[in-house]
Amino acid sequence: MDPAKNHSSDGGVRREWRLPADCSVRIRQLFRESSAERWHLSFHSFHTTLTRSAAKRFGEAAPDIERIQEYFATLHVQDLVLACACAEGSESAWNEFVAQYRNYLRTAAAAILRRSASDPAAMELADSLFADLYGLSEGKAGGRSLFRYFHGRSSLKTWLRAVLSQRHIDAIRAGKRFRSLDAGEEGEEDGETRRLPALAKIALPSDPYRELYLSRFREALKLALAELEPRARSRLHLYYAEDRTLAEIGKQLGEHESSVSRNLERIRKELRATVEGLLRAGKVADGGPAAPGMDDAQIALCIQYAGEDSAIDLDKLFEAPSASQPRKAKDIPGPDRILEP
């Protein structure tokens, strides 16, 4: 269901979620900065996509302009535009997506299955996504495309990796739903099958490398943060650890909000590149022995697991606990948000 249309007023009357008119200038700016024209994506489609994304993020809340502007600054607009163009059936966008992401999906599938990227099972798992992404279930491109569920809050790679993981889990669950019993077992006839306990009671095996990946991520992020210049560390700490707004940070640092946003984006990209480089090289903190280097799929897993793990404390990583009132756990952003390009 479209989140932009799934809202009700106090009287229970269905209404459409709309972006405030004051956002129009910023939306026009994002449209110009994106690659929308490359895929012949109209401004109307771009606006609709941003509205759907914001509706998914804020739900029934009525955020002010500043919060919406901050949300726009965190979006992966280039990825969002590519996904939107693919969902609308743009052939050039789809060709770009296949060329850019097919090998990544197969590598990610191989990491999930613990097999090589050339293994038929890994290729099948990866390629199984393409029909749903293309939207062939309706007989035409974009009819029920999975791209409609991408809102740009993470990178397209991270989202695809999560979809791929969920598809693998669904396959495991489907395989455990029934099992054959040998003849002679109590209460069963020869060749008959018996339903297993409800899916909610089936404990799926966790990734045995999860804790290792989380540990490697913590070490790499701590090293990368330590290498930042003090002013860059201060920006990240104010925004992520202290939850300051762009306006508050700008006032403290003597900068305009737009400059704060651009600088945060630049620092995030540099920090992500450093973390990925450390993970790829196998570097660790405290002069310990170098661990084996990671490939792209393993690095993606590190970042995904870090985003899911509430035990990673940003204040500890920055080594500069804030004296301000602690935020609730649900308000603390996952460390992966710092690294999103």
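Only this structure's heavy atoms are used, side chains among them; waters, hydrogens and symmetry mates stay out.
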For side chain to side chain contact (heavy atoms under 4.5 Å, CB included), just list the numbers for D79 and W159, CA-CA rounded to whole Å, side-chain angles, deciding distance to a tenth of an Å, and then say yes or no.
CA-CA 10 Å; D79 288 353; W159 180 79; over 6 Å; no
What do the steps show when you test V81 against F31 for side chain to side chain contact (heavy atoms under 4.5 Å, CB included), and what is the final call?
CA-CA 9 Å; V81 164; F31 181 72; over 6 Å; no
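Side-chain N or O atoms of S261 include none that pairs as donor or acceptor with a backbone N or O of E257 at under 3.5 Å. At distances below 3.5 Å, at least one donor-acceptor pair connects side-chain atoms of S90 with backbone N or O atoms of A93. No donor-acceptor pair closer than 3.5 Å links the side chain of S53 to the backbone N or O of T49. In this structure a side-chain-to-backbone donor-acceptor pair under 3.5 Å is present from R167 to S128.
Side-chain contact between E211 and S215 is absent, with no heavy atoms from C-beta onward closer than 4.5 Å. Within the 4.5 Å cutoff, the side chain of L80 has no heavy atoms near those of the F46 side chain. I249 places none of its side-chain heavy atoms less than 4.5 Å from the side chain of Q252. Using a 4.5 Å heavy-atom threshold, the side chains of L236 and L271 count as touching. Under the 4.5 Å side-chain criterion, counting only non-hydrogen atoms from C-beta, I68 is in contact with F58. L113 has its side chain out of reach of D119: every pair of non-hydrogen atoms, C-beta onward, lies at least 4.5 Å apart. Side chains of L156 and H76 form no contact here, defined as non-hydrogen atoms less than 4.5 Å apart. Side-chain contact check for H151 versus L75: every heavy-atom pair is 4.5 Å or farther apart.
Here the shortest heavy-atom pairing between F217 and L279 reads N-CD2, 4.3 Å. For the residue pair R161 and A108, the shortest heavy atom distance occurs at CD-CB, 3.6 Å. Of all the heavy atoms in L253 and R231, the pair that sits closest is O-NH2, 3.1 Å. The nearest pair of heavy atoms linking E70 to L246 is OE2-N, 2.9 Å. In plain terms, the two heavy atoms of L164 and L125 that are nearest each other are CD1-O, 3.5 Å. Looking at every heavy atom in both residues, R67 comes nearest to R57 through NH2-NH2, 3.4 Å.
For the residue pair T274 / E227, no side-chain donor-acceptor distance below 3.5 Å is found, with atom types taken as modelled. The closest side-chain donor-acceptor pair between Q29 and R26 falls under 3.5 angstrom. A side-chain N or O of H256 and one of S258 form a donor-acceptor pair less than 3.5 Å apart.
Heavy-atom neighbours of R28 CZ from other residues, nucleotides or ligands within 6.0 Å: at or below the threshold of 12. Within 6.0 Å of CD in E91 there are 12 or fewer heavy atoms belonging to other residues, nucleotides or ligands. Within a 6.0 Å sphere centred on CD of E37, heavy atoms belonging to other residues, nucleotides or ligands number 12 at most.
Hydrophobic clustering (ILVMFWY, side-chain heavy atoms < 4.5 Å, transitive): F43 and W39 are in one cluster. A continuous path of hydrophobic side-chain contacts links F150 to V163 [ILVMFWY only; heavy atoms under 4.5 Å]. By the rule that hydrophobic residues join a cluster once side-chain heavy atoms approach within less than 4.5 Å of another member, I27 and L82 end up as members of one cluster. Both L50 and Y71 belong to a single network of hydrophobic side chains, linked directly or stepwise wherever heavy atoms of I, L, V, M, F, W or Y lie under 4.5 Å apart. Under a hydrophobic clustering in which Ile, Leu, Val, Met, Phe, Trp and Tyr are joined whenever their side-chain heavy atoms come within less than 4.5 Å, directly or via other members, F72 and I65 fall into different clusters.
How far CD of Q78 is from OG of S155: 13.0 Å, rounded to the nearest 0.5 Å. Rounding to the nearest 0.5 angstrom, the gap separating the CD atom in E248 from the CG atom in L238 is 9.5 Å. To the nearest 0.5 Å, the span separating CG on L278 from CE on M294 amounts to 11.5 Å. With rounding to the nearest 0.5 Å, the separation of CD in E66 from CD in Q69 is 9.0 Å. Taken to the nearest 0.5 Å, the SG atom of C86 stands 12.0 Å off from the CG atom of L146.
In this structure, the salt bridge (Lys or Arg N to Asp or Glu O under 4.0 Å) partners of E276, at least two apart in sequence or on a different chain, are R272.
The only option from E270, E242, E265, E255 that meets the salt bridge (Lys or Arg N to Asp or Glu O under 4.0 Å) definition with R235 turns out to be E255.
Taking the six-membered ring where tryptophan is involved, the planes of Y104 and Y101 are perpendicular, since the angle between them exceeds 60° and thus also 30°.
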